[in-house]
Every structure is written in C-alpha cells, then in structure tokens.
Visitor: 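Take this structure, written in structure tokens, and hold onto it; I'll ask about it next.
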Amino acid sequence: EPEVTQTPSHQVTQMGQEVILRCVPISNHLYFYWYRQILGQKVEFLVSFYNNEISEKSEIFDDQFSVERPDGSNFTLKIRSTKLEDSAMYFCASSEMGPNTEAFFGQGTRLTVV
Amino acid sequence: AQSVTQLDSQVPVFEEAPVELRCNYSSSVSVYLFWYVQYPNQGLQLLLKYLSGSTLVKGINGFEAEFNKSQTSFHLRKPSVHISDTAEYFCAVGSYGNKLVFGAGTILRVKS
C-alpha cells in the first residue's frame, strides 16, 4: 500500500540551527502539506503546495520556514533558524486532489530544539 | 473562519461497550468532514469522511459518523469497542481552500 514517508523520525537540534525535514509523498499525488503538533496541542496547518508553488500558508509559516520540491519525489520543510518553540511533531501529507479528498499522512518527525 | 471543537479530551470505556466521540464544527461555507485516528507513535490515519450525500458515513474498523447540519455536528460512534481501538481521534474540517482544520483530539481509552 502506498504511503507517505518522513525522515528522520526524530531530530534534535540546537537553537539557531537550520533543519530540513524530508518527506516522500505518494507518487501520483499532486497536493502536499505540512502540519505540526506541539505536544498536547492541536494539529495545525502550516502550508500547502501545489504545482510547484505554495497555495496557502498559515500565520505560523513565517519567513523562517520554506518548502521545496527539489526533485520529482521529495518535499522538504526547512526551518532556517530554529527556536525552542519550534519543538513539535511535524507531519507531511499528500492528496491526489485537494483536501476534500483523502489526505495521507506520514508518521511524523519529532523535532526537539534545545 | 472554520473551527472544530471536540468536546471530550478523554473518553474511558470498557471493552465491548458502545462509544461516541463528539465533534462540533463551525464554518460559513460548505464543509467536508473527516475523522482521523492516531495510534501511539504512528501517523494520522483516515477513519472516514463526509463529502456529500448520505449523512451517515461508515468507515474502517466498524466506526461510523453522522453529519448533522442543523446541529453542526459530526459525532463518531462504534457499537462495540475493542482494546485495539485505544488511540487518539481527531475530527477535522476541510473546505474549498487547501487545508484541514483539526480539533484538539479525544483520547479513547478502552479498558478490559
């Protein structure tokens, strides 16, 4: 069964460092998303990506964040200079059409900023 | 703006008992409604979805949900739970935009 794959599963980084979270969406999907879940809080939308550009982003997704689809398979989230409050579980998702079809989520990357 | 309220943060229930996890939403436009389940140390898995048509939606693992437009609710039900249903359940709403808005989650604890 096709699945969304995220690496690494857990990353620890020092405050101020750059991190790149990687995702391999399902191959025939066209829409890609990043969500995050701070411990004990809601799953929050960060950004959606379609046709090689950002289609929507939340107020959380400030200039510290960027997304890229560097090749035909990977979808990355970069945090330029991490802050303690960036510690969270980051979920990648993809869908064949928009969000009113099924979005498939990856296992998540737990980011810990120390 | 859309929002989702899951009224119970935790629901303890005995095995083989019925369960209902409550979800209310607010939206000014047509909505698409989803329930996702997250087992420990795993990602989010879709249980069921309502896009249009019949208001009673059946999903995987014996779960079902009913869309009630007048009460703006989409409660999740299962007539008889198993230990393996212990997980966190998230209600979410989508719209014409490109994102899902999630509720805070309900932890279902099934006891033997």
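Below, chains carry the letters A, B, ... as their sequence lines are ordered, and counting in each starts from 1.
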Visitor: Near A:K57 NZ, under 6.0 Å, is it more than 12 heavy atoms from other residues, nucleotides or ligands?
Guide: no
Visitor: Are A:F105 and B:Q42 side-chain neighbours, meaning at least one heavy-atom pair lies under 4.5 Å?
Guide: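 Not in contact.
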Visitor: To the nearest 0.5 Å, tell me how far A:Q37 CD sits from B:Q38 CD.
Guide: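 Spacing of CD (A:Q37) from CD (B:Q38) equals 5.5 Å.
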Visitor: Once side-chain contact (heavy atoms from CB on, under 4.5 Å) is applied, do any residues pair with B:T72, and if so which ones, sequence neighbours excluded?
Guide: B:N24, B:Y25
Visitor: Could you see if A:F104 belongs to whatever hydrophobic cluster contains B:L48? Use Ile, Leu, Val, Met, Phe, Trp, Tyr and a side-chain cutoff under 4.5 Å.
Guide: no
Visitor: State, with a plain yes or no, whether a side-chain heavy atom of A:V43 is found less than 4.5 Å away from one of B:F90.
Guide: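 Yes, close enough: below the 4.5 Å cut-off.
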Visitor: Just verifying a value: how many Å separate A:F91 CZ and B:L44 CG, rounded to the nearest 0.5 Å?
Guide: 4.5 Å
Visitor: B:V19 and B:L56: same hydrophobic cluster, using ILVMFWY side-chain contacts below 4.5 Å?
Guide: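 As far as the 4.5 Å side-chain criterion goes, B:L56 and B:V19 are not connected within one cluster.
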Visitor: Are more than 12 heavy atoms, taken from residues, nucleotides or ligands other than A:L39, located less than 6.0 Å from that residue's CG atom?
Guide: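 Atom CG in A:L39 is not crowded, with 12 or fewer foreign heavy atoms closer than 6.0 Å.
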Visitor: Just checking heavy atoms, which of residues 101-112 of chain B are less than 4.5 Å from chain A?
Guide: B:F102, B:G103, B:A104
Visitor: Given the rule that I, L, V, M, F, W and Y join up when any side-chain heavy atoms are under 4.5 Å apart, are A:I54 and A:I79 in one cluster?
Guide: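 Linked, A:I54 and A:I79 end up in one cluster.
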Visitor: Are A:I26 and A:Y33 co-members of a hydrophobic cluster defined by side-chain heavy atoms under 4.5 Å apart?
Guide: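 No, A:Y33 does not connect to A:I26 through the hydrophobic network.
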Visitor: Can you tell me how far CG of B:L46 sits from OG of A:S95, rounded to the nearest 0.5 angstrom?
Guide: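 Going from OG on A:S95 over to CG on B:L46, the span is 11.5 Å.
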Visitor: With a 4.5 angstrom heavy-atom cut-off, which part of A:E44 approaches chain B: side chain, backbone, both or neither?
Guide: neither
Visitor: Got more than 12 heavy atoms from elsewhere within 6.0 Å of CG, A:D63?
Guide: no
Visitor: Under 4.5 Å between side-chain heavy atoms, hopping through other hydrophobics if needed: is there a path connecting B:Y39 to B:V13?
Guide: yes
